[in-house]
Amino acid sequence: MKIYFCTEVVTYKASNRKGEEAALFASRLKHRLIKGKKPTQDLIKAIKDHCRLLDRKYAKSRARDLVVEPYSGVPGHCQITIYCGDPTNQTSQPKAAVVYLAELAGEIDMDKLESGTIAFEPEEGGEAV
């Protein structure tokens with residue numbers, strides 16, 4: 001079982017409420033342990049599901065749909081960007097948040113973790129976050 005640690009979450013000043021809520025959701029991931037057979041895929045799916053809920057919630061606004069873009073340039077690391085707009089023009093669109101993950105090596109004693117650390121394991125068909 002692989003374990004990833006959410007090392008950092010960078011949020012940006014939102015241009016609308018949808019982006020603000022997406023950034024707030026992402027900020028709740030900071031310092032979480034994500035474990036499972038496919039931890040990064042499970043987390044990306046959970047973020048995409050939440051963004052789809054926000055898109056439906058703010059469907060009447062003129063804001064563009066939220067896009068979740070994973071990037072893994074370094075083995076054992078992953079970066080997930082949440083932004084509004086067209087993927088072909090990402091740099092000109094306002095970002096909501098960027099989530100940084102790093103894979104942990106070795107075993108973790110869950111009883112000895114600091115109190116500020118939260119761990120979760122997605123259940124089959126359940127919400128991961």
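The analysis underlying the following values was restricted to heavy atoms, covering all of them including side chains, and did not include hydrogens, waters or symmetry mates.
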(message) Tell me whether Thr11 contacts the main-chain N or O of Ala23 through its side chain, where contact means a donor paired with an acceptor under 3.5 Å.
(response)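 No, Thr11 side chain to Ala23 backbone: no donor-acceptor pair under 3.5 Å.
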(request) Starting from Leu24, walk the hydrophobic network (Ile, Leu, Val, Met, Phe, Trp, Tyr; side-chain heavy atoms closer than 4.5 Å) and list everyone else you reach, by chain and number. (result) none
Who passes side chain to side chain contact (heavy atoms under 4.5 Å, CB included) against [X], sequence neighbours left out?
X: Cys6; result: Val9, Leu29, Ile34, Val99, Leu101
X: Glu103; result: Lys2, Tyr4
X: Glu20; result: Ala14

(request) Report yes or no: do Phe25 and Leu66 belong to one cluster of Ile/Leu/Val/Met/Phe/Trp/Tyr joined by side chain heavy-atom distances under 4.5 Å? (result) yes
(request) Group every Ile, Leu, Val, Met, Phe, Trp and Tyr by side-chain heavy-atom contacts under 4.5 Å, then state whether Val98 and Val67 land in the same group. (result)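 Unlinked, Val98 and Val67 end up in two clusters.
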Distance check, rounded to the nearest 0.5 Å: [X] atom [atom1] versus [Y] atom [atom2]?
X: Thr81; Y: Tyr100; atom1: OG1; atom2: OH; answer: 7.0 Å
X: Lys45; Y: Lys38; atom1: NZ; atom2: NZ; answer: 12.5 Å
X: Arg64; Y: Asn16; atom1: CZ; atom2: CG; answer: 11.5 Å
X: His77; Y: Tyr71; atom1: NE2; atom2: OH; answer: 12.5 Å

(message) Can you list everything that forms a side chain to side chain donor-acceptor pair (under 3.5 Å) with Arg52? Sequence neighbours excluded, please.
(response)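 Only Asp49 meet the side chain to side chain donor-acceptor pair (under 3.5 Å) criterion with Arg52.
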(request) Only counting residues at least two apart or in another chain, list the ones meeting side chain to side chain donor-acceptor pair (under 3.5 Å) with Lys57. (result)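 Side chain to side chain donor-acceptor pair (under 3.5 Å) list for Lys57, sorted by chain: Glu21.
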Nearest heavy-atom pair of [X] and [Y]: which atoms, and what distance?
X: Asp65; Y: Lys18; answer: CA-NZ, 3.8 Å
X: Gly19; Y: Ala96; answer: O-CB, 3.7 Å
X: Tyr12; Y: Lys95; answer: CB-O, 3.1 Å

(request) Take Ile82 and Cys51, measure what side-chain contact (heavy atoms from CB on, under 4.5 Å) needs, and give me the verdict at the end. (result) CA-CA 9 Å; Ile82 306 168; Cys51 287; 3.9 Å; yes
(request) Starting from the C-alpha separation in whole Å, work towards a yes-or-no answer on side-chain contact (heavy atoms from CB on, under 4.5 Å) for Glu69 and Tyr83. (result) CA-CA 8 Å; Glu69 191 75 31; Tyr83 62 96; 3.8 Å; yes
